[in-house]
Amino acid sequence: MNTINIVPAESDSSIHEIADLAEEIWHQHFTPIIGEEQVNYMVEKFQSYPALQTQIKQDGYEYFQLFSSHTLAGYIGIHQEEDSLFLSKLYIKKDCRGQHLATEAFNFLIKLCKERDLKKIWLTCNRHNENTLAVYDHLGFVITDEQVADIGNGFVMDDYILTLEIR
């Protein structure tokens, strides 16, 4: 049985590892959904090492590495808001999916919300990302809104907003 550990990404090397993993995951998972050109743009703008550093140092984001039996299997990026937690990123490597890592990640996030007295977790998910939407539905998230956000360079994010109330 795999041991699952979620570790704060506090070192420069851990942020580099997340950026490298992001490039792998995004190209594998999102290219069929949004195309290679938009994947390249979004990885550079939101998932690259400089982007992650800016999010952490200037914007108050926190990152966590998700390990499955000592293998870096995924990562989490969050931003605490007034009474909620914005789940900016939760990505798991293709060969590590199906091991209930998302469930463990959400258990971790729910516990974090309770410790911080936050009332909900919310996130955005591409409306054509059907497998991921099914996972969120299984975990209790509900679609509460939708948005089309211009992210520059002629690209948009066409997303549902999903929310999980913390009890």
Side-chain angles (χ1 to χ4, degrees), residues 4-81 84-99 101-102 104-106 108-109 112-113 116 118 121-133 135-136 139 141 145-162:
I4 298 168
N5 290 310
I6 300 172
V7 180
E10 297 173 334
S11 71
D12 203 50
S13 64
S14 64
I15 301 304
H16 272 290
E17 290 171 353
I18 288 172
D20 291 344
L21 184 59
E23 181 144 358
E24 174 189 337
I25 292 170
W26 268 72
H27 280 91
Q28 176 274 315
H29 185 77
F30 286 102
T31 299
I33 298 172
I34 61 175
E36 186 171 356
E37 189 178 354
Q38 185 167 347
V39 167
N40 290 336
Y41 178 76
M42 291 182 72
V43 166
E44 183 61 32
K45 185 170 176 88
F46 301 114
Q47 308 281 335
S48 66
Y49 173 78
L52 297 176
Q53 283 290 71
T54 298
Q55 292 165 25
I56 293 166
K57 292 182 176 177
Q58 294 178 13
D59 302 330
Y61 281 74
E62 300 169 71
Y63 279 85
F64 300 87
Q65 292 177 299
L66 183 57
F67 289 92
S68 175
S69 297
H70 307 295
T71 298
L72 181 58
Y75 63 102
I76 302 167
I78 60 171
H79 186 263
Q80 183 172 326
E81 299 176 343
S84 64
L85 188 71
F86 171 51
L87 177 57
S88 174
K89 299 166 186 74
L90 171 58
Y91 298 107
I92 298 170
K93 286 173 60 168
K94 183 177 184 174
D95 61 348
C96 296
R97 293 181 196 143
Q99 300 176 17
L101 297 175
E104 290 299 320
F106 278 104
F108 168 81
L109 293 171
L112 189 68
C113 285
R116 297 180 182 186
L118 302 175
I121 300 171
W122 73 278
L123 57 92
T124 61
C125 184
N126 183 289
R127 69 179 71 225
H128 304 291
N129 193 349
E130 295 171 3
N131 291 339
T132 302
L133 287 167
V135 170
Y136 289 137
L139 292 168
F141 280 80
D145 207 347
E146 50 189 70
Q147 71 178 12
V148 177
D150 183 340
I151 59 171
N153 216 36
F155 297 116
V156 297
M157 292 192 312
D158 186 11
D159 294 335
Y160 289 123
I161 297 172
L162 293 95

- Message: Working note: Y75 + I25, criterion side chain to side chain contact (heavy atoms under 4.5 Å, CB included); need CA distance, chi angles, decisive distance, verdict.
- Response: CA-CA 10 Å; Y75 63 102; I25 292 170; 4.2 Å; yes
- CD of Q147: more than 12 outside heavy atoms within 6.0 angstrom? yes
- Item | Student check: side-chain heavy atoms of L133 and L162 closer than 4.5 Å | yes
- Message: Just verifying a value: how many Å separate C125 SG and E130 CD, rounded to the nearest 0.5 Å?
- Response: 10.5 Å
- Note on the structure: Heavy-atom closest pair (S68 atom, L101 atom, distance to 0.1 Å) is CB-CD2, 4.1 Å
- Task: Kindly compute the distance separating CD1 (I33) from OG1 (T132), expressed to the nearest 0.5 Å.
- Result: 6.5 Å
- Could you check W122 against E81 for side chain to side chain contact (heavy atoms under 4.5 Å, CB included), going step by step and ending with a plain yes or no? CA-CA 10 Å; W122 73 278; E81 299 176 343; 2.8 Å; yes
- Task: Say whether Y41 and E37, considering side chains only, have a donor N or O and an acceptor N or O under 3.5 Å apart.
- Result: no
- Are side-chain N/O atoms of N40 and H27 paired as donor and acceptor at under 3.5 Å? yes
- If we only count heavy atoms from C-beta on, is the F46 to W26 side-chain gap below 4.5 Å? no
- Item | H79 NE2 to L87 CG distance, which is reported to the nearest 0.5 Å | 13.0 Å
- Message: Any non-hydrogen side-chain atom of Y160 less than 4.5 Å from a side-chain atom of D145?
- Response: no
- Message: Quick check: do Q38 and I151 have side-chain heavy atoms less than 4.5 Å from each other?
- Response: yes
- Dump the intermediate steps for side chain to side chain contact (heavy atoms under 4.5 Å, CB included) on Y136 and L123, then the final yes or no. CA-CA 10 Å; Y136 289 137; L123 57 92; 3.7 Å; yes
- Separation between CD1 (I121) and CZ (F106), nearest 0.5 Å, reads 6.5 Å
- Go through F108 and F64 one step at a time and tell me if the ring pair (Phe, Tyr, Trp, His ring centres under 6.0 Å) criterion holds. CA-CA 11 Å; F108 168 81; F64 300 87; 5.0 Å; yes
- For I56 and I15 the tightest heavy-atom approach is CD1-CD1, 3.3 Å
- Is it the case that more than 12 heavy atoms not belonging to D12 sit under 6.0 Å from its CG atom? yes
- Message: Return the CD1 to CG distance between I92 and L66, rounded to the nearest 0.5 Å.
- Response: 5.5 Å
- Kindly give the heavy-atom pair with the smallest separation between A9 and I18, and that separation in Å. CB-CD1, 3.6 Å
- Query: Considering residues, nucleotides and ligands other than E44, do more than 12 of their heavy atoms fall under 6.0 Å from its CD?
  - Reply: no
- Task: Using the side chain to side chain contact (heavy atoms under 4.5 Å, CB included) rule, take I78 and Y61 through it: C-alpha gap first, then chi angles, then the decisive distance, then the call.
- Result: CA-CA 6 Å; I78 60 171; Y61 281 74; over 6 Å; no
- Task: Would you mind reporting whether M157 and M42 have side-chain heavy atoms less than 4.5 Å apart?
- Result: yes
- So do the side chains of Q47 and K89 get within less than 4.5 Å of each other, counting heavy atoms only? yes
- Note on the structure: Residues I6 and A105: closest non-hydrogen pair is CD1-CA, 3.9 Å
- Message: Are R97 and N131 packed together at the side-chain level, in the sense that at least one heavy-atom pair is separated by less than 4.5 angstrom?
- Response: no
- Message: Using a 3.5 Å distance criterion without hydrogens, assess whether the side chain of N126 forms a donor-acceptor pair with backbone atoms of H128.
- Response: yes
- Item | Inter-residue atom distance D20.CG - S48.OG, 0.5 Å rounding | 11.0 Å
